[in-house]
**Student:** 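Take a look at this one; I'll ask things after.
Whatever order the structure lists them in is the order used to number ligands and atoms, beginning at 1. Values in this document were obtained by computation on a predicted structure and should not be read as measured data. Heads up: numbering here begins at 1 and tracks the sequence.
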Amino acid sequence: MRTSMMSRMLLAALANACMMSLAHAAAATKPDGDQGPPMGPPIHAVLTSPPNVPPPTHRNHPAKVIVDLEVKEVEKEISEGVRYTFWTFGGTVPGSFIRVRQGDTVEFHLRNHPDNKMPHNIDLHGVIGPGGGAASSFTAPGHESQFTFKALHQGIYVYHCATSPVGMHIGNGMYGLMLVEPPAGLKPVDHEYYVMQGDFYTVGKYREKGLQPFDMQKAIDEKPTYVLFNGSEGALVGDNALTAKIGEKVRLFIGNGGPNLVSSFHVIGEIFDKVWYEGGTHQQENVQTTLIPSGGAVIAEFHTVVPGSFVMVDHSIFRAFNKGALAILKVSGPEDKTVYSGKEVDSAYLGDKAQSLAVVSQVEASTEHGTLTLDQQVKAGGALFNGTCSVCHQSNGQGLEGVFPPLAGSDLLAATPRRAVQIVLNGLSGPLTVNGKTYNSVMPPMSQLNDDELANILTFVTHSWNNKGPEAFSAAEIKAARAATPRPPGAAE
Ligand SMILES: [Cu+2]
């Protein structure tokens, strides 16, 4: 018995040594991850636009995979009523998702659309070779470049343009993700989504309307106007929110294109079961917030337990609420009161993202054409009131006794309606009496809202809940008051 065990161990050791020397021999001739020449007929890679992810390759052998990626310079909305000229891989920000299998030989075709103004190239972080392909892919408008690489390492990899000025090409949206599946593939899940963060630099302020040019100085100073998921404020909210049902497994491929910021990626009200941090092969478990460096990516998995709107943010939180870094996963299904009791806090979290800003932008169009009606102003103001003023004054304008004075039926507001302009711009503190009740609290300045927004909000407030407002507030009135008032320390301009 003893001898048989000994001999078995010996055999096993011999076999191991044998395998190791085989592996060494193999390593000498081909690099790790190389599984030999491609097998079968060439395959055209399925490319998808965000937030979609191509289906698994379902392959157990290396293949030749052809990727056709076209660079397009497109003007699109970055926020409601704000346009921006994005430079894109495949027409979207982030660019098309590429999915291959470890060991695949990828024949890459980069096309630069003839209508484009700029030359471009591509640096794929999943490629071992000079510039990650950039050295072989410089492509003028109306031209095409081709190069071939072997996907030696599994993982989730960023790709981006690396044409000078590199920061400007990336800052205009030229990045995306490539997944190199492990040989055995990834475990099946119910949903796979593609989300990528980026920081944007416009000459105009946050949400300033019209076509906004790129601001090189802000980019150099690393002071973004927008921090966004999937290239626009509306990309993943409202009707575009990601969806799942209760009890489903969700896998996110999350990248960060930068060009400057590191993301503290967090899903409010969820915990990641697993995170392949830095896009590598190791998994961390039970993660609240994961760091995604600029030019990096992670795979994050979680399962849904209770219904609701789960908000994805960069937890550098001003970026979420004041620069746009906010996306929503809507989970539907029956409540589980044992896990979570209820009481929705959506409106406070989502602010004006909770509903469509379409009504607001409609108003902006009318403002431009000088055809704004009172009714339109009230509607737009109402959408903005919810999530800004409603946090304290409540959505029905009733306030909270002893803490936040009511705006509905406020005798103070009725007596001095025009004073509200000063209140919203500069805030208010000290004792005051509304409808016979006293308050002695602090309202912060709301001057981060622009002139149109404040005019519409005040018009809404003075024309709702039976308030018999005076005539509507105009942006010009707010603008004049803003210019005439010295800003309190720390307030937004
Ligand atoms: Cu480029």
Side-chain angles (χ1 to χ4, degrees), residues 45 47-50 67-78 83-98 106-127 129-149 157-178 194 196-203 211-220 222 224-232 235 255-261 293-297:
L47 302 185
T48 57
S49 297
V67 173
D68 281 310
L69 193 56
E70 185 178 43
V71 175
K72 290 181 199 154
E73 298 166 6
V74 289
E75 192 195 301
K76 285 210 260 199
E77 214 160 52
I78 190 165
R83 318 235 359 128
Y84 190 79
T85 304
F86 295 96
W87 300 348
T88 73
F89 288 106
T92 55
V93 178
S96 310
F97 196 109
I98 304 165
V106 182
E107 184 183 290
F108 208 98
H109 297 253
L110 188 71
R111 305 204 166 99
N112 193 348
H113 194 279
D115 290 346
N116 292 347
K117 307 274 184 294
M118 297 286 154
H120 301 283
N121 64 8
I122 193 164
D123 170 349
L124 296 126
H125 290 184
V127 170
S136 323
S137 59
F138 182 86
T139 313
H143 288 254
E144 176 184 327
S145 297
Q146 182 187 329
F147 61 101
T148 300
F149 64 87
Y157 294 99
V158 168
Y159 67 78
H160 62 88
C161 182
T163 303
S164 176
V166 178
M168 182 176 181
H169 283 254
I170 296 177
N172 282 337
M174 296 197 80
Y175 43 76
L177 291 181
M178 175 172 76
Y194 172 23
M196 206 157 172
Q197 182 171 324
D199 28 298
F200 293 85
Y201 304 82
T202 63
V203 169
L211 180 62
Q212 291 294 334
F214 172 77
D215 190 319
M216 189 58 145
Q217 192 55 50
K218 277 190 195 168
I220 293 168
E222 306 192 11
T225 331
Y226 294 88
V227 181
L228 301 171
F229 295 121
N230 290 6
S232 95
N256 185 4
N260 288 320
L261 302 185
S294 177

**Student:** Has Asp123 got a side-chain atom pairing as donor or acceptor with Ala134's backbone, closer than 3.5 angstrom?
**Tutor:** no

**Student:** Hey, is the main chain of Asn112 close enough, under 3.5 Å, to the side chain of Thr139 for a donor-acceptor pair?
**Tutor:** no

**Student:** With a cut-off of 2.8 Å, does Asn121 put an N/O/S atom close enough to the Cu ion (ligand 1)?
**Tutor:** no

**Student:** What N/O/S atom of His169 is the closest to the Cu ion (ligand 1)?
**Tutor:** ND1

**Student:** Taking the Cu ion (ligand 1) as the reference point, name the nearest N/O/S atom of His120.
**Tutor:** ND1

**Student:** Pick one: which of Phe86, Tyr226, Phe214 meets ring-ring contact (aromatic ring centres under 6.0 Å, His included) with Phe200?
**Tutor:** Phe86

**Student:** Does Asn116 use its side chain to pair, donor to acceptor, with the backbone of Glu73 at less than 3.5 Å?
**Tutor:** yes

